[in-house]
S.K.: 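Structure below; questions to follow.
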Amino acid sequence: MKRLLLILTLLASPLWAVQPDEMLDDPALEARARELSQGLRCLVCRNESIDESNASLARDLRILLRERLVAGDSDAEAVDFIVDRYGEYVLLNPQATGANWLLWGAGPLMLLLAGGLGVIYLRGRARSKTPSEAPLSAEEEARLRDILDR
């Protein structure tokens, strides 16, 4: 029984990041806050959402998000408020707009470029003529026979 309790505790630990004093009384607002906070990055933990992180900055961001929702902001307005303060890095899934198009397109573009260069290289190699081998001179044949006969 103790092992089962320990396993369940370890599995549920990320859910405990949101403290009871942070939770909103309105279940609908709390559900919106939880959904939005799963898409925001903890700036301390890097690849954890603020919903999962126990860092104090993540707590501050969760409280700020809830304050914006209570103030009447829409989901987009609340997220935009946080992005304006902390930059687009705070988004776990950055938007594909503006300068981000370069980042989104760089991977596939490099793959296509590498594939094209590989095809060009292989075609050029297939078309190139192999250098013809010159026959051995009489002196080289005599030396070769001498080495093989030993």
Side-chain angles (χ1 to χ4, degrees), residues 1-20 22-23 30-69 73-150:
M1 184 65 178
K2 288 183 181 182
R3 284 187 181 189
L4 178 63
L5 185 60
L6 178 65
I7 290 171
L8 290 176
T9 302
L10 291 175
L11 290 175
S13 62
L15 299 177
W16 292 350
V18 177
Q19 302 299 316
E22 297 173 32
M23 292 183 180
E30 180 62 27
R32 281 177 55 202
R34 293 302 284 269
E35 184 178 333
L36 291 176
S37 65
Q38 289 175 359
L40 296 173
R41 179 189 319 269
C42 173
L43 300 171
V44 176
C45 306
R46 304 287 165 102
N47 278 337
E48 273 188 347
S49 70
I50 62 171
D51 197 42
E52 299 168 337
S53 175
N54 287 319
S56 61
L57 180 60
R59 176 182 166 80
D60 294 342
L61 286 172
R62 287 191 302 264
I63 292 171
L64 178 63
L65 178 66
R66 282 167 173 75
E67 287 173 357
R68 299 306 305 172
L69 292 176
D73 285 358
S74 68
D75 293 354
E77 290 171 337
V79 171
D80 288 343
F81 181 81
I82 292 175
V83 169
D84 288 343
R85 281 184 124 186
Y86 295 97
E88 209 169 303
Y89 181 73
V90 78
L91 297 174
L92 275 173
N93 190 13
Q95 301 167 353
T97 59
N100 285 345
W101 277 110
L102 180 63
L103 295 174
W104 282 97
L109 184 64
M110 291 296 181
L111 180 64
L112 290 174
L113 182 65
L117 288 174
V119 167
I120 290 170
Y121 172 76
L122 291 175
R123 281 188 178 177
R125 190 171 168 187
R127 289 182 184 163
S128 69
K129 297 179 181 177
T130 57
S132 59
E133 295 180 15
L136 295 177
S137 65
E139 182 180 313
E140 290 171 335
E141 282 185 24
R143 178 151 166 73
L144 183 60
R145 270 194 225 109
D146 183 40
I147 292 173
L148 291 175
D149 287 341
R150 286 189 202 175

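All values below come from the heavy atoms of this structure, side chains included, with hydrogens, waters and symmetry mates left out. Counting from 1, the numbers follow the sequence of the chain as shown.
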S.K.: Residues two or more places apart in sequence or in another chain: which of them pass side-chain hydrogen bond (donor to acceptor under 3.5 Å, both in side chains) with N47?
M.R.: R41
S.K.: Just jot down the side-chain hydrogen bond (donor to acceptor under 3.5 Å, both in side chains) partners of D60, sequence neighbours excluded, or say none.
M.R.: none
S.K.: Shortest non-hydrogen contact from L92 to S49?
M.R.: CD1-CB, 3.7 Å
S.K.: Who are the salt bridge (charged side-chain N to carboxylate O under 4.0 Å, His left out) partners of E141, not counting sequence neighbours?
M.R.: R145
S.K.: Could you give the distance from CG (L117) to CG (L113), rounded to the nearest 0.5 Å?
M.R.: 4.5 Å
S.K.: Which residues satisfy the side-chain hydrogen bond (donor to acceptor under 3.5 Å, both in side chains) test with R123, sequence neighbours excluded?
M.R.: none
S.K.: With sequence neighbours left out, what residues match E35 under side-chain hydrogen bond (donor to acceptor under 3.5 Å, both in side chains)?
M.R.: none
S.K.: Excluding sequence neighbours, so at least two apart, what forms salt bridge (charged side-chain N to carboxylate O under 4.0 Å, His left out) with R150?
M.R.: D146
S.K.: For Q38, check side chain to side chain contact (heavy atoms under 4.5 Å, CB included) against everything at least two apart and list the hits.
M.R.: D51
S.K.: Which atom pair, heavy atoms only, marks the closest approach of R68 to A78?
M.R.: CB-CB, 4.0 Å
S.K.: Hey, does R34 have a side-chain heavy atom less than 4.5 Å from the side chain of R66?
M.R.: yes
S.K.: List the residues meeting side chain to side chain contact (heavy atoms under 4.5 Å, CB included) with S137, not counting sequence neighbours, and say none if there are none.
M.R.: E139, E140
S.K.: To the nearest 0.5 Å, what is the distance between CG on L65 and CD1 on I50?
M.R.: 5.5 Å
S.K.: To the nearest 0.5 Å, what is the distance between CG on N54 and SG on C45?
M.R.: 8.0 Å
S.K.: Find the distance between OG (S53) and CZ (R59) and round it off to the nearest 0.5 Å.
M.R.: 12.0 Å
S.K.: List in chain and number order the residues that pass side chain to side chain contact (heavy atoms under 4.5 Å, CB included) with A142, two or more places apart in sequence or in another chain; answer none if no residue qualifies.
M.R.: none
S.K.: Please determine whether side chain to side chain contact (heavy atoms under 4.5 Å, CB included) holds for the pair I82 and L36, giving the CA-CA distance in whole Å, both sets of side-chain angles, and the decisive distance to 0.1 Å.
M.R.: CA-CA 11 Å; I82 292 175; L36 291 176; over 6 Å; no
S.K.: Roughly how far, to the nearest 0.5 Å, is CG of L61 from SG of C42?
M.R.: 7.5 Å
S.K.: If a pair satisfies salt bridge (charged side-chain N to carboxylate O under 4.0 Å, His left out) and one of its residues is in residues 75-84, list it, with sequence neighbours excluded.
M.R.: R32-D75
S.K.: By side chain to side chain contact (heavy atoms under 4.5 Å, CB included), which residues pair with R85, not counting sequence neighbours?
M.R.: L64, F81
S.K.: Would L40 and L91 count as a side chain to side chain contact (heavy atoms under 4.5 Å, CB included) if you check the C-alpha gap in whole Å, the side-chain angles of each, and the deciding distance to 0.1 Å?
M.R.: CA-CA 5 Å; L40 296 173; L91 297 174; 3.9 Å; yes
